[in-house]
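Working notes, structure below.
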Amino acid sequence: MFSFFEETNEHQHPVDKNIITPGRTPANLKNQFGSGLFSFRGNAMPTACFCGPVTNLEQHTFVNPYQKRYSPQSGDTVIGKVIEVSDDRWKIDIGAHLPAYLNVTQILETAGRMFNDTDSLSMRTYLEEGDWVIAFINKTPTDEMRSIQLNTTSEYKLTPGLVQRVRSRLVQAVSSSFKFPYDNPVIDVKVAKNGYIWLRPVENEEKSIINQAVINLLSQLNSAIMYLNRCEAPITYENCHCALSVLIEGIGNNTEKRIIDALVELNNK
């Protein structure tokens, strides 16, 4: 049964000879290599602290953790869930190591008015716990401010849809949005820098009832994004279309390999 605002998370990963587990030393590593990010030097050789692929750069060994949290940067577009409401701001989970806050003044400014005492009593008329919002990072944490400050536009609250999460490093652009497919748009997709992806059927002027074909396409597109996450492929329209084409042909034991082969063929064109 399809339900709106269903949050999914995929943490399965393909087999890769370059992946290392905690406590192990990368193979074929020269002794002069030092420890880099997410690794430490033990027994005179760099040892991994996390599970993930290994990279050697400038005589240092780095591990790119699969479970690494999103590192916020000013200007990034993010999608997050409201987890707490106070008198003048909302606390929002964006998957970072520190909480993010959206002040009510940011929303009121887009409406062209100032904050007054009555607004603190009606905070939940704007956003309440469990709502999903899209915003951009205004300020990143500093020594004086141990939180993330968000800013937003007039369209800050996401309507009910399907929320998917992938590894944030697979999102290459600061923000991305597209309608799927290009020739006959029926799915609206928003890709945020923190790895959250929002999908929803396109609302047309007639506001017709969403038919089963659109629901099926939405589910298949969600599965395609899951496979891209497992294949470590960037989340772009072209890659989503490529993975979806493979899934439409059928899902089997070699589905992941077929998607990888299709992505390689796409990149070689």
Requested in this report: List the atom of C240, the atom of F178, and the distance in Å for their closest heavy-atom pair.
Outcome: SG-CZ, 4.4 Å
Query raised in the report: So if you build clusters from Ile, Leu, Val, Met, Phe, Trp, Tyr with side-chain heavy-atom gaps below 4.5 Å, do L150 and Y101 land together?
Result: no
Report task. Would you confirm whether W198, through its side chain, and T159, through its main-chain N or O, come within 3.5 Å as a donor-acceptor pair? Result -> yes
Report summary line: In terms of heavy-atom contacts, E256 and R230 come closest through OE1-NH2, 3.0 Å
Requested in this report: Could you tell me whether the side chain of L158 reaches within less than 4.5 Å of the side chain of V133, counting heavy atoms only?
Outcome: no
Query raised in the report: Taking atom CD1 of I187 and atom CZ of F180, what is their separation to the nearest 0.5 Å?
Result: 8.5 Å
Requested in this report: Answer whether the closest heavy-atom distance between the side chains of I134 and K190 falls below 4.5 Å.
Outcome: yes
**Report entry** M123 vs V104 side-chain heavy atoms within contact, under 4.5 Å
**Finding:** yes
Report task. Report yes or no: does S219 contribute a side-chain atom to a donor-acceptor pair with the main-chain N or O of I215 at less than 3.5 Å? Result -> no
Query raised in the report: With distance as the sole test, does N103 use its side chain to make a donor-acceptor pair with the main-chain N or O of T105 at under 3.5 Å?
Result: no
Query raised in the report: R165 side chain to I197 main-chain N or O, any donor-acceptor pair under 3.5 Å?
Result: no
Query raised in the report: Under the salt bridge (charged side-chain N to carboxylate O under 4.0 Å, His left out) criterion, do R200 and D188 qualify, and how do the steps go?
Result: CA-CA 5 Å; R200 178 180 168 80; D188 191 9; over 6 Å; no
Requested in this report: Mind running side chain to side chain contact (heavy atoms under 4.5 Å, CB included) on V191 and Y196 for me, showing each step along the way?
Outcome: CA-CA 6 Å; V191 183; Y196 282 101; over 6 Å; no
Query raised in the report: Any salt bridge between K81 and D93, counting N to O under 4.0 Å?
Result: no
Requested in this report: With the side chain counted from C-beta on, respond yes when Y70 and H97 share a heavy-atom pair under 4.5 Å apart, and no when they do not.
Outcome: no
Query raised in the report: What pairs with Q73 under side chain to side chain contact (heavy atoms under 4.5 Å, CB included), at least two apart in sequence or on another chain?
Result: S71, D76
Query raised in the report: About how many Å separate CD1 of I92 and CH2 of W132, when rounded to the nearest 0.5 Å?
Result: 11.0 Å
Report task. Report the C-alpha separation of V186 and L217 in whole Å, then their side-chain angles, then the decisive distance to 0.1 Å, and conclude whether the side chain to side chain contact (heavy atoms under 4.5 Å, CB included) test is met. Result -> CA-CA 9 Å; V186 293; L217 179 61; 3.4 Å; yes
Query raised in the report: Nearest heavy-atom pair of P234 and L228: which atoms, and what distance?
Result: O-CD1, 4.3 Å
Query raised in the report: Okay, side chain of N138, backbone of Q149: is any donor-acceptor separation there less than 3.5 Å?
Result: no
Query raised in the report: Of the non-hydrogen atoms in V171 and G195, which two are nearest, and what is the gap between them?
Result: CG2-CA, 4.2 Å
Query raised in the report: Should the pair K157-D131 be classified as a salt bridge under the 4.0 Å nitrogen-to-oxygen rule?
Result: yes
Requested in this report: Answer with yes or no whether the hydrophobic clustering places L218 together with I248; edges join I, L, V, M, F, W, Y residues whose side-chain heavy atoms lie under 4.5 Å apart.
Outcome: yes
**Report entry** Sequence-distant partners of S86, side chain to side chain contact (heavy atoms under 4.5 Å, CB included), two or more places apart
**Finding:** D88, R89
Query raised in the report: Short question: side chain of W90, backbone of L127 - any donor-acceptor pair under 3.5 Å?
Result: yes
Requested in this report: Take Q164 and L199 through the side chain to side chain contact (heavy atoms under 4.5 Å, CB included) test and state the conclusion after the steps.
Outcome: CA-CA 8 Å; Q164 166 75 273; L199 306 95; 4.3 Å; yes
Query raised in the report: Rounded to the nearest 0.5 Å, what separation is found between the CD atom of Q220 and the CD1 atom of I225?
Result: 12.5 Å
Query raised in the report: Checking side chain to side chain contact (heavy atoms under 4.5 Å, CB included) for the pair F136/T152: CA distance, chi angles, key distance, verdict?
Result: CA-CA 6 Å; F136 63 90; T152 187; 5.6 Å; no
Requested in this report: Give a yes or no answer on whether the side chain of Y237 reaches the backbone of Y182 with a donor-acceptor pair at less than 3.5 Å.
Outcome: yes
Requested in this report: Look at the side chain of T236 and the backbone N and O of N239, then say whether any donor-acceptor pair between them is shorter than 3.5 Å.
Outcome: yes
Requested in this report: Find the distance between CZ (R167) and CG (N194) and round it off to the nearest 0.5 Å.
Outcome: 15.0 Å
Report task. Would you check if the side chain of R258 reaches a backbone N or O of V246 as a donor-acceptor pair within less than 3.5 Å? Result -> yes
Query raised in the report: About how many Å separate CG of N151 and OG of S74, when rounded to the nearest 0.5 Å?
Result: 11.5 Å
Query raised in the report: Counting N and O atoms only, with roles assigned by atom type, does the side chain of N267 sit under 3.5 Å from a partner on the main chain of L263, one being a donor and the other an acceptor?
Result: yes
Query raised in the report: If you take all heavy atoms of E128 and V85, which pair is closest and at what distance?
Result: CA-CG2, 4.1 Å
Report summary line: dist I235:CD1 -> L170:CG (nearest 0.5 Å) comes out at 5.5 Å
